[in-house]
Structures are given as C-alpha cells and as structure tokens.
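Have a look at the structure below, then the notes.
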Amino acid sequence: MAVYGAGQVKELTDLVPGILGQLGPDSLASLRKLAAQYQSQTAAAAAAAAAAAGANGAGGEAKGAQEEIITPEALKFLAALHRTFNATRLSLLDARHAVQRRLDSGGELGFLPETEHIRNDPSWTCAPPAPGLEDRRVEITGPTDRKMVVNALNSGAKTFMADFEDSNCPTWANMVNGQVNLRDAVRHQIDFELKGKQYKLVEKPATLIVRPRGWHLDEPRVLVDNQPMSGSIFDFALFFFHNAAYLLANGRGPYFYLPKMEHHLEARLWSDIFYFGQSYCGVPTGSIRATVLIETLPAAFQMDEILWELRAHSSGLNCGRWDYIFSFIKRRREDRNAVLPDRKDVTMEVGFMESYVKLLIKTCHRRKVAAMGGMSAQIPIKNNEKANEAAMAKVRADKLREVTAGHDGTWIAHPLIRKIAMDIFDEHMHGPNQYHVRREEVEVRAADLLSAKITGGKITEEGVRGNVEAALSYCAAWLSGNGCVPINHLMEDAATAEIARMQLWQWVYHGASLDTGKTITPEYIDAFIKSTAPGITKTIAGVNDKHVEIASRYLSEQVRKERASEFLTVDLMGYLEGGNGGFVSRRSML
Ligand SMILES: CC(=O)SCCNC(=O)CCNC(=O)[C@H](O)C(C)(C)COP(=O)(O)OP(=O)(O)OC[C@H]1O[C@@H](n2cnc3c(N)ncnc32)[C@H](O)[C@@H]1OP(=O)(O)O
Ligand SMILES: O=CC(=O)O
C-alpha cells in the first residue's frame, strides 16, 4: 500500500507557487510592500477597483445599511486581497485533488516526515491569549441574523462565534446583513424591537469571534477581474476592514474561527492574509487571533504544523467533530474499512474520535493555546419534559467528558444550554484554562486516527431513515435561505447534514447491509425520500414545494453517483438568488 506523505510539502509548495515561504523577514517585508502598494492607490484607482469588484446582490446593488458595508474603500481592500491571494487559494484547492487521488489509489494518511522537526521541537509556543479570550469555557455559536446576534451576545457565554459557515445559508442578504449586524453589535448600536419584544445588548456582552466561510466556497456575487472572489476572504475582509480598529480601541480585537482546512499550507495562506490585512489597514501586527477547527481527516495529522503557521495569531484549535466525521468518510471513500455504522453510533467515545481529542489537547497545551471542545447536537425540547431531560443529560455527559479530558472550553448551540455547560466547567476547571493538563503521556499513532472500529455499531433502517430526513430537510431549508434548523430535536447544520448525505452514499457505494441483512440500494433510499418529502413544508418554516423537489432530486442523484460531491453547499449555491441555477463548480467534484 502506498504511503503518501513523503515529499508532500515540497510537492504542494510546487503546486502552489503563489504561497509565501515560511514566515521570515523576506516574506513579511514583501507582504507589507504589496499591502502598501495597494493601499496607496489613488481615489480613481479605488473607484476602478470597486468597479472591478462589482458587488451584485439578488436585488441588484447593496441597499441602505448594506451600502455602509460594501463601500468603494472596502471593495478596494477586497480587490487587493483577491489579486494577491486568490490564485494561491485555487491552487491549494486543486492540491486537495492530488491528495484525494492518492488516497483513492490505496495511499494512506500519515504524519508528514518533512515537518517532524516542527512537531518534535518542544520550544515554540503560540501568541498569548488576547483580551476577552483568556477564559473561553463556554462559547455559543449561531448565524448572524440580528435577533440571534443579540441573544447570543447576551447569553452569558464567554464568547460568541458568529457563523458565516455551517449554520448560515450564504444568500446575499444573509452575508451582507450579517456584516451590518456584527458592525452594529461591535459598536453597541444594535438594539431593536421585534414583535413587541425588545432586543437590547447587555453592557458586557460575550467576546465576538467570527467564522468566515471555508476556502472551498466562492462569493459568486462579487467578481474581481471577472472571477468570483473567495467567500472566506470576503467574510474576513469586510469584518476586519470595518471593525478591527474599533475593536482594538475598545479593549477587544479581530478574532476568527477558521473552518475546514485540509493542509498546513492552507493555514499559511490565512497567516499571509492576516499580515497583509493588518499592514493594509494600519492595525498592529499580531492583533488578530484565530482558532482553527480541526475538522478534516488530513488536518488531524497536521495540528502542530497548523499552529506553527499561525503561531503569531493563533488562539488554539477546536474539535469540529461533525465535519470531522464527514471528512473521515469522504476522504476514505474507496476504503471499505472506513464504512461507519449509524450516525448515532459514531460518538465521541469511539476509538478514532477519542484519539483525535487526545491529540488535539496534547498539541494545544504544549503550544500554550486553547484546546476547544465541540458541539453536542442536542437542543432543548419544548413541551416534553422527559424527552428534554434525556437530551440535556446527554449534553451534560458530553461537557463532563470534555472538561475531564482537558479541554479549555466548549460549544453550545442554544442559550438554554449555557448554564449546563457553565456549571460543569466551573466545577471542574478552576482557572481560566487547563493548559497545565499536558497529556504528554498520550501517544496517538496514525492507526489510532484511522481505525473505524466501532464495537456494537450497526446500520439500521432507523439510521437510514434518519439520515434521509436530516439531509433532505436540511437541503430544503438551506435552499429557502436557512442554514440551521432543528430536525427530530437535533441541531442540524451543513456539517451534520453532510454526514447524513455522505453516509447514504457510502453505504450504497460499498453495498453495505442493514442489521437485518438487507442491502442498501438507491431505490431503498428513494422510498424514504418519497415518504419524508411531503412533510417538510409543514415542519420547517419558509420551505416550499420547489425547495423540497430540488432537495429530493439532489439526494436521489447523490446516492447514485460514482463519486459523491465534495460539498452540498457548493452544489446548491447555484440555486440561491444570484447563483446561476444548479451549476456545480469544478471544485465540487474531486
Ligand atoms: C457543526 C457546527 O458547525 S456547530 C456550529 C453551527 N451551528 C450552530 O451554531 C447552531 C446554532 N443554533 C441554532 O441555530 C438554533 O438554536 C436552532 C436552529 C438549532 C434551534 O433554533 P430554534 O428552534 O429557533 O430555537 P428556539 O425556538 O428554542 O429559540 C428560543 C430563543 O433562543 C434563541 N436562540 C436559539 N439558538 C440560539 C443561538 N445559537 N444563539 C442565539 N440565540 C439563539 C432564538 O433566537 C429564540 O429567541 P427569541 O426567544 O428571542 O425568539
Ligand atoms: O464546525 C463544527 C463541527 O463540529 O463540524
């Protein structure tokens, strides 16, 4: 069996000629020079850059408060970032193909020999915690609509991760209004009234952290030089441009969560963008903090390397468990040994998930940054006390597992879960973090991260039906503009829905059988699609028959494909306003 790894860094660096070398005086100076060149463009050039970076929402130009976000100066910054970094982004995305091809032909993931010196050097650490990030025991997450932003910031959680990724559907309105809402929240000018209820920001809200979209997503409504710009750069840059200086002047800073990376050179690209952005906007170098979600299988082998690349701006790593499971299945699509049982059986206690948690905690604490836990999918269940208590008991057990493992904080999906998580972390974590829990005894081998053995796990009819309900209902909701919904009393977002979609594909592709012996076929799945579809418009507000029809066709096609798509969000983007109708980007198919 071929092992990929040897020579990989060199090869990727060759594939990605735009990427700057390891941080050093030369690369820093060249970034600063570039930033200064773009910054010193005349007003006429700014207007031209703004025209080149034409922003076109569904309803045409940005309107009202949106115009205060999509300004000529902000567009000039977007254009400068695009021109400097987009080619590198595209090359890095292409490099993911090369990795996938090797895995498809029997290669295995492993720790990179080229970067062993980084992993084995105990002497380096990352940036110190920035103001507002010293204690992150409970972090609430959620999309950026105005009401949820106020509720999250007021929830009593230590931080709020405002999400442009998994829990957000990237309509133009959601993307730009989200930026308006965050700008207003930063300035404490967000109070409003809705249906007779006052939404008023508390004096000391949670610290704001922003999650831009992943590298794979374009922002198709903003073209620079006739190319769609990166969704990641769009989200990062608008937030940074409008808020970094204000935040720093008011005792906070520009803080980010970085999703879905697959290689440490992708982290280096973020690092380059941070240096460039700080220089361009005249913000002190090192003001940014970024926590990276380790939520792809390749990235789990490069935790130290990712921290190393971002060390001047790093605030830790997070166990993005749902995307991680999705990636585990997707990247090992040809591997029969990676066939997993029902989604509910893939818990944090199974071997490969436990190994990933241990490695993340050990790595972060060695480098003196936060090792953040993740999200339990259970949310409060209304009008059923017994079911609610059972769901909350699961959340409690999950948070207890995290704090005793050594995590420095955790995620919650809903304000009503804050107290449960806070009480457990308060009881078991006495200081602001647990960096002293070193876990040096932990030895995680590649085989530990790759073993899909799950004792007692089964594929059941209930598991198939549950996956169809989650994937289908979620896609329909997403098409209606909503990126996060409760389905069967669980929080479903892009990451959890992707597990459902990918498992259905995996089971069909590998001819897996149910515990009853029945083989899972596309026709068997179609029957569940048919029985689930009619109920969706009744259970999820805003979803119409057209959304359900597109989602049904999509899922039915996916389970018949030789290769399932890379991301449902890329596939379905063409159906959102401003998209071009069902178009599948070239990067959707690896
Ligand atoms: C895998 C990952 O990437 S995890 C990270 C991404 N996922 C998330 O962030 C999940 C965010 N959570 C949510 O979107 C929601 O909690 C849902 C969709 C799961 C459930 O939402 P709802 O059914 O509306 O919840 P519910 O009706 O109980 O809400 C009650 C109140 O709490 C508010 N609320 C619920 N969740 C949140 C949240 N995460 N942040 C802020 N406010 C929230 C609602 O806005 C509502 O406010 P109101 O009383 O002022 O109207
Ligand atoms: O983004 C978080 C995850 O669990 O996936």
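Order of appearance sets the numbers: ligands from 1, and atoms from 1 within every ligand.
Taking only nitrogen or oxygen atoms, main chain and side chain alike, Lys382 reaches within less than 3.5 Å of ligand 1. Annotation: Arg211 places an N or O atom under 3.5 Å from an N or O atom of ligand 1; distance criterion only. Not one N or O of Ile379 is nearer than 3.5 Å to an N or O of ligand 1, by distance alone. Geometrically, ligand 1 and Met491 share no nitrogen or oxygen pair separated by less than 3.5 Å. Not a single N or O atom of Trp411, backbone or side chain, sits closer than 3.5 Å to an N or O atom of ligand 2. Remark: ligand 1 and Asn151 share an N or O pair separated by less than 3.5 Å (distance only, no angle test). Between Tyr324 and ligand 2, not a single N/O pair is under 3.5 Å apart.
The residue among Ala162, Gly483, Pro380, Pro415 with a heavy atom at the shortest distance from atom 36 (N) of ligand 1 is Pro415.
Shortest contact from atom 30 (C) of ligand 1 to any protein heavy atom: His414 NE2, 3.8 Å. Among protein heavy atoms, atom 5 (O) of ligand 2 sits closest to Asp323 N, 2.8 Å. The protein heavy atom nearest to atom 13 (C) of ligand 1 is Met148 CE, 3.6 Å. Remark: minimum distance from atom 6 (C) of ligand 1 to any protein heavy atom is reached at Asp493 OD2, 3.1 Å.
Here Glu498 has no heavy atoms under 4.0 Å from ligand 2, in either its backbone or its side chain. Neither the backbone nor the side chain of Asn318 comes within 4.0 Å of ligand 2, counting heavy atoms alone. Residue-level proximity to ligand 1 for Thr141 is carried by backbone and side chain together, each with a heavy atom below 4.0 angstrom.
Applying the salt bridge (charged side-chain N to carboxylate O under 4.0 Å, His left out) test to pairs two or more places apart or on separate chains, those with a residue in residues 192-202 are Asp191-Lys200.
Distances from ligand 2 to the non-hydrogen atoms of Met161 include no value under 4.0 Å. Proximity of Glu295 to ligand 2 is established by a heavy-atom distance of less than 4.0 Å.
Not a single protein heavy atom sits closer than 4.0 Å to atom 22 (P) of ligand 1.
Atoms of ligand 1 found under 4.0 Å from any heavy atom of Asp163 (numbered from 1 in listed order, with element): 6 (C).
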Atom pairs and distances, donor-acceptor, side-chain atoms in residues 142-150, under 3.5 Å, two or more places apart:
unit_1, atom_1, unit_2, atom_2, d
Asp145, OD1, Lys147, N, 3.1
Asp145, OD1, Met148, N, 3.2
Arg146, NH1, Asn181, OD1, 2.8
Arg146, NH1, Asp184, OD2, 3.1
Arg146, NH2, Asp184, OD2, 3.1

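The backbone N or O of Val99 sits nowhere less than 3.5 Å from a side-chain atom of Arg331 that would complete a donor-acceptor pair.
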